[in-house]
Engineer: 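Got a structure for you, written out below as structure tokens; questions coming shortly.
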Amino acid sequence: MGIEHVVMLLVAALGAGWVDAVVGGGGLIQLPALLLLNPGQPVATALATNKVASIAGTTSAAYAYLRRTKIDRTVAFTGAGLAVAGSAAGALCASVISSEVFKPVIMAVLLAVAALVVFRPSLGREPRLVLRTRRRIAAAILVPGLVIAFYDGILGPGTGTFLVVVFTALLGVDFVHASAHAKVINVSTNFGTLLVFAVQGHILWALGLAMAVANATGAQLGARTAIRRGSGFVRIVLLCVVTLLVAKLGYEQFA
């Protein structure tokens, strides 16, 4: 790989870290860049190297959010513990279950997310009072920690976005605090998937670590931007990311 391609990948990782820290969806930038700029590699190698960079970014963003915002640590850290196993299970299943099966379902869910955000403009702008019953708390732990984590391991695009929407809906937090919760879970989903890829020997470590530095830098900038600009800004980025995700998955499904 030429030096110009490496530089382009570092720039892509920086941008992906920023987007991922704000609302999730950084894989929209980083993974296609890896596939396009290093075309001779197996897809599994691109996915694995992407996770090396992503885990650095999500860890960096999680640290930035935890320093500046308050989260429900019981929900976030319990869900994160489950997410390691959930994402590892998804990564193991990726070799025997075609991700094509999931794409129409994920497109439908993304369209529902977009409709929810558009037609409920107050969603996520301000915290709202919700009765935190045992069932609601359990859902806020199990859905991110098992369902979304498994999805991240087997397919991945939009994981951070799904986490933000779930925490907003279930905990009544605004988008900024939902992003903070999401980053804690996302660290674990990336870690679980990365463990499987590392054992399978798919990772390009030198490239992945270089991209990790760039991704972590972008994540710090993104987290600070989201906290400074507030939930209205995060909502706009969320809609942009969801639109791009639907377009990407639709192109892959029907083109």
Side-chain angles (χ1 to χ4, degrees), residues 17-26 51 54-90 123-153 156 158-195 212 215-216 218-231 233-235 237-238:
W18 187 92
V19 171
D20 216 40
V22 175
V23 77
K51 285 299 180 185
S54 294
I55 194 171
T58 51
T59 302
S60 175
Y63 176 73
Y65 276 116
L66 290 174
R67 285 185 61 195
R68 294 170 173 83
T69 62
K70 292 183 179 180
I71 66 169
D72 188 325
R73 292 176 179 266
T74 300
V75 170
F77 291 126
T78 305
L82 291 174
V84 176
S87 59
L123 181 71
R125 283 188 176 274
E126 300 288 343
R128 58 190 175 85
L129 186 63
V130 297
L131 183 61
R132 295 197 178 187
T133 62
R134 289 184 179 181
R135 183 175 295 180
R136 184 179 288 269
I137 294 298
I141 292 171
L142 295 175
V143 173
L146 293 179
V147 179
I148 298 178
F150 182 85
Y151 165 75
D152 193 26
T159 295
T161 305
F162 289 137
L163 288 169
V164 168
V165 172
V166 165
F167 283 124
T168 301
L170 292 177
L171 297 182
V173 295
D174 59 34
F175 282 138
V176 171
H177 288 81
S179 291
H181 286 79
K183 288 297 147 273
V184 175
I185 302 293
N186 220 172
V187 171
S188 291
T189 64
N190 284 330
F191 180 69
T193 307
L194 190 60
L195 280 177
N215 195 289
Q220 280 288 314
L221 296 172
R224 293 178 184 185
T225 301
I227 293 167
R228 185 175 67 254
R229 298 288 297 273
S231 295
F233 172 76
V234 175
R235 180 178 182 271
V237 179
L238 174 64

Engineer: Can you tell me how far apart CG (L163) and OH (Y151) are? Round to the nearest 0.5 Å.
Structural biologist: 11.0 Å
Engineer: Atom OG1 in T74, atom CD1 in I141: separation rounded to 0.5 Å?
Structural biologist: 7.5 Å
Engineer: Nearest heavy-atom pair of A219 and G57: which atoms, and what distance?
Structural biologist: CB-O, 3.0 Å
Engineer: Tell me the closest heavy-atom pair linking A76 and I71, and the distance in Å.
Structural biologist: CB-CD1, 3.7 Å
Engineer: Spell out, as yes or no, whether a donor-acceptor pair under 3.5 Å connects the side chain of R136 to the backbone of L131.
Structural biologist: yes
Engineer: List the atom of S87, the atom of S188, and the distance in Å for their closest heavy-atom pair.
Structural biologist: OG-O, 3.6 Å
Engineer: Determine, stepwise, if the pair V22 / F233 fulfils side chain to side chain contact (heavy atoms under 4.5 Å, CB included).
Structural biologist: CA-CA 9 Å; V22 175; F233 172 76; 4.2 Å; yes
Engineer: Donor-acceptor pair, distance only, cut-off 3.5 Å: does the side chain of T59 make one with the backbone of A56?
Structural biologist: no
Engineer: Count the heavy atoms of every other residue, nucleotide or ligand shown that sit under 6.0 Å from CZ of R229, and state whether that count exceeds 12.
Structural biologist: no
Engineer: Identify the heavy atoms of D20 and G26 that sit nearest to each other, and give their distance.
Structural biologist: OD1-N, 3.0 Å
Engineer: Side chains of T58 and N186: donor-acceptor distance under 3.5 Å anywhere?
Structural biologist: no
Engineer: If you look at every heavy atom in A140 and L171, which pair is closest and at what distance?
Structural biologist: CB-CD2, 3.8 Å
Engineer: Where is the tightest heavy-atom contact between L170 and V130, given as atom of each residue plus distance?
Structural biologist: O-CG2, 4.0 Å
Engineer: May I have the step-by-step check of side chain to side chain contact (heavy atoms under 4.5 Å, CB included) for V176 and T69, ending in yes or no?
Structural biologist: CA-CA 9 Å; V176 171; T69 62; 4.3 Å; yes
Engineer: Identify all side-chain donor-acceptor contacts of residues 60-67 below 3.5 Å with residues at least two apart in sequence or on another chain.
Structural biologist:
| residue | atom | partner | partner atom | Å |
| --- | --- | --- | --- | --- |
| S60 | OG | A216 | O | 3.0 |
| S60 | OG | Q220 | NE2 | 3.0 |
| Y65 | OH | A21 | O | 2.7 |

Engineer: Look up atom CD1 in I227 and atom CZ in R68, then write down how far apart they are to the nearest 0.5 Å.
Structural biologist: 5.5 Å
Engineer: How about N215 and I55: do any of their side-chain heavy atoms sit closer than 4.5 Å?
Structural biologist: no
Engineer: Please, which pairs that meet side chain to side chain donor-acceptor pair (under 3.5 Å) have at least one residue in residues 160-185, sequence neighbours excluded?
Structural biologist: D174-H177
Engineer: What's the separation between atom CZ in F77 and atom CG in L82, rounded to the nearest 0.5 Å?
Structural biologist: 14.0 Å
Engineer: I would like to know whether V147 and L142 meet side chain to side chain contact (heavy atoms under 4.5 Å, CB included); could you show each step before the answer?
Structural biologist: CA-CA 7 Å; V147 179; L142 295 175; over 6 Å; no
